[in-house]
Amino acid sequence: MEKKSVKDVWIIGGGVIGLACAHYLSDAGIQVGVMDRGNVGQGASHGNCGLLYFSDILPLCSPGAVGDELKRFIKGTSPLYIKPDLDVKKYVWLLNFAKKCNATHQKEAAKNKYDILMYSMELSKTLLSSTSLNCDFEDVGTLKVFAEEKTFLDHARTQNFLSGFGLQAEKIEANRLAELEPALLDGLAGAWLNKADWHLRPDLLMASWHKWLKKKGVVFHENCAVEDLRIANNRIEAVHTNRGTFQADEVILAAGAWTPRITQKLGLGLPVIPGKGYSITMERPGLCPTYPCMLYEKNMVVTPWQSAYRLGGTMEFSGYSDSLNPKRLVKLLQGAKAYMKEPIGTPLIEEWSGLRPMTYDDMPLIDRVGRLKNMIVATGHGMLGVTLAAATGKAVCDMILGRPTEIDMTPYSSKRFA
Ligand SMILES: Cc1cc2nc3c(=O)[nH]c(=O)nc-3n(C[C@H](O)[C@H](O)[C@H](O)COP(=O)(O)OP(=O)(O)OC[C@H]3O[C@@H](n4cnc5c(N)ncnc54)[C@H](O)[C@@H]3O)c2cc1C
């Protein structure tokens, strides 16, 4: 592999992925600039649930996923909503997703997700301990909570699968649940405690990381929207924005769910679509959980921090709108009421929606695309952008410098969509 002499890099997108790339490149002595069409950290990286969910090796597209979701849709308990419209790209994506719901893909994706998740865990450990990022970080684990006996018992199969990777959780029977997590209602079926997982408050992480990188000399251009890219000799020669034209040795495209809108201008289609999620942030309730709780049957998360408390979840395939559907917010509140003694904290801090960048095989896309020699795309992190940020940032940095990456990046390459 040829080592490269790179002096400067522009990163398009100031989300958690853009900042992670900026972090490792700046550490390697490269002059880095980040441009964002809004403010840094205001995309999906702002109001998410903040889990560093390292045990989440199973892809969303698993055998039976489509049928299970259809049943929940009919019962009115599905967190999924697909807006009926004429968006052909969305339907092609959904069809490809359905095709991936098989045991072969599940096995292969779990192995590949495991590799990048464990790599990210190792890097995040160093990152969070050596960098003074003030983000309410805790490594107590996550609690997957079940209201129904049947789903609780069925989940043992998933735990068996995880045990093959050394990631199995501890089974918490109903009679021990109240002692372990007094904030949960009595009468729930049980839970699984996974100590491999951590959590942090993402908006604090983004603010703190932004400040840290600025101090290290990373240049930020906010309210700077990329409008076009000029190509010559298979290279990005210029980045045109509403704030002028920029040039650099290398460009990283980390614009989250909006990334395909930019590659589209280059005639490159990417199978990434926005998956909208919602969250409600409040002050901590009097009886606040100690553990982040995944409320299994409602497919949502309750995250407690020293400084706040958040309910988050839902998956809407409804395009790029950032409107807040009140029905989705009510569902989050109702979901929390079914599991928590004190589901609501006051006052309310924020109601929010964000767009996850979703690939149909539930794996990130971290690669050069098309024939472009000086651009790397880093997106498609779906439900795991915060968790995979460190691994993505370090791998992108190595790719840019022409160093061998520390894990095999083939599974996350753009060739899989060719
Ligand atoms: C409800 C919810 C809960 C979640 N919970 C978790 C969790 O617990 N753990 C986890 O790991 N992940 C979670 N996620 C997923 C995670 O939030 C995303 O995967 C991650 O934030 C994606 O980061 P990103 O940097 O790719 O995108 P973003 O944070 O969206 O950043 C992209 C940036 O690009 C900018 N941009 C777009 N277009 C342009 C342009 N033309 N010019 C310049 N800039 C542009 C945007 O303004 C934005 O700031 C959750 C997501 C949601 C919605």
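As the structure is a prediction and not an experimental result, all values here were calculated from the model. Both counts, for ligands and for their atoms, begin at 1 and track the order of listing.
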task: Take Val145 and Val302, measure what side chain to side chain contact (heavy atoms under 4.5 Å, CB included) needs, and give me the verdict at the end.
output: CA-CA 11 Å; Val145 190; Val302 175; over 6 Å; no
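- For atom 8 (O) of ligand 1, the closest non-hydrogen atom of the protein is Leu51 N, 2.9 Å.
- For Ile262, every heavy-atom contact with ligand 1 shorter than 4.0 Å involves the side chain, none the backbone.
- Residue Gly47 places no N or O, backbone or side chain, under 3.5 Å from any N or O of ligand 1.
- In this structure, Lys113 pairs ionically with Asp362, as a charged nitrogen and a carboxylate oxygen lie closer than 4.0 Å.
- Close contacts between ligand 1 and Leu384 involve ligand atoms 10 (C), 11 (O), 12 (N) [criterion: under 4.0 Å to a heavy atom].
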- request: Report the C-alpha distance between Asn194 and Thr142 in whole Å, list the side-chain angles of each, state the deciding distance to 0.1 Å, and finish with yes or no for side-chain hydrogen bond (donor to acceptor under 3.5 Å, both in side chains).
  value: CA-CA 5 Å; Asn194 205 318; Thr142 52; 5.8 Å; no
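- The contact set between ligand 1 and Val16, taken as ligand atoms under 4.0 Å from a residue heavy atom, comprises 23 (O), 25 (O).
- Considering all non-hydrogen atoms of both residues, Met294 and Tyr53 come closest at SD-OH, 3.3 Å.
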query: Checking side chain to side chain contact (heavy atoms under 4.5 Å, CB included) for the pair Glu122/Glu406: CA distance, chi angles, key distance, verdict?
result: CA-CA 12 Å; Glu122 188 190 310; Glu406 291 169 317; over 6 Å; no
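- Atom 11 (O) of ligand 1 has as its closest protein heavy atom Thr387 OG1, 2.7 Å.
- Checking only distances, Gly18 never comes within under 3.5 Å of ligand 1, N or O to N or O.
- Between His155 and Phe146, the two ring planes are tilted [angle within 30° to 60°].
- Contact between Val16 and Met206 at its shortest, heavy atoms only, is N-CE, 3.4 Å.
- With a 4.0 Å cut-off on non-hydrogen atoms, Arg356 touches ligand 1 through its side chain and not its backbone.
- From Thr241, atom OG1 reaches atom CD of Glu227 across 6.5 Å, with rounding to the nearest 0.5 Å.
- Using a non-hydrogen distance threshold of 4.0 Å, Gly312 does not register as a contact of ligand 1.
- Using cut-offs of 30° and 60° for the angle between ring planes, the Phe417 and Tyr360 rings count as perpendicular.
- Residue contacts with ligand 1, taken as heavy atom pairs separated by less than 4.0 Å, involve Cys49 via backbone and side-chain atoms alike.
- The two residues His46 and Glu350 come nearest to each other via the heavy atoms NE2-OE1, 2.9 Å.
- Each of the following atoms of ligand 1 lies closer than 4.0 Å to a heavy atom of Ala225: 42 (N).
- Relative to the six-membered ring of Phe152, Lys171 meets both conditions, a distance below 6.0 Å and an angle of at most 45° to the axis.
- Of the heavy atoms in Cys224, only backbone atoms (N, CA, C, O) come closer than 4.0 Å to ligand 1.
- Annotation: atom 42 (N) of ligand 1 to nearest protein heavy atom, Val226 N, 2.9 Å.
- Neither the backbone nor the side chain of Tyr53 comes within 4.0 Å of ligand 1, counting heavy atoms alone.
- Considering backbone and side-chain N/O of Leu355, none are found under 3.5 Å from N/O of ligand 1.
- Atoms of ligand 1 found under 4.0 Å from any heavy atom of Val386 (numbered from 1 in listed order, with element): 10 (C), 11 (O), 12 (N).
- Given atom 24 (P) of ligand 1, the protein heavy atom at minimum distance is Ile17 CG1, 3.8 Å.
- Considering backbone and side-chain atoms together, Asn48 places an N or O closer than 3.5 Å to an N or O of ligand 1.
- Nearest heavy atom pair, residue Pro304 against residue His199, reads O-NE2, 3.0 Å.
- When Gly256, Ser45, Ala44 are ranked by how near their heavy atoms come to atom 23 (O) of ligand 1, first place goes to Ser45.
- Of all non-hydrogen atoms in Ala389 and Ser120, the two that sit nearest each other are N-OG, 4.0 Å.
- Using a 4.5 Å cut-off on side-chain heavy atoms (C-beta onward), Asp367 and Met409 make no contact.
- For the ligand labelled ligand 1, residue Gly382 lies inside the 4.0 Å heavy-atom shell.
- Ligand 1 does not have Thr379 within reach: every non-hydrogen atom of the residue lies 4.0 Å or more from it.
- Remark: minimum distance from atom 12 (N) of ligand 1 to any protein heavy atom is reached at Met383 O, 2.9 Å.
- Taking every non-hydrogen atom of Tyr278 and a distance limit under 4.0 Å, the qualifying atoms of ligand 1 come out as 1 (C).
- Looking at Asp36, Val239, Val34, it is Asp36 that brings a heavy atom closest to atom 35 (C) of ligand 1.
- The aromatic rings of Phe317 and Trp93 sit tilted relative to each other, their planes meeting at an angle between 30° and 60°.
- For atom 43 (C) of ligand 1, the nearest non-hydrogen atom of the protein is Arg37 N, 3.2 Å.
- Of all protein heavy atoms, the one closest to atom 37 (C) of ligand 1 is Trp258 CB, 3.6 Å.
- Below 4.0 Å from some heavy atom of Gly15 lie the following atoms of ligand 1, by number and element: 25 (O), 29 (O), 31 (O).
- Note that CG of Asp136 and CG of Leu204 are 5.5 Å apart. Values are rounded to the nearest 0.5 Å.
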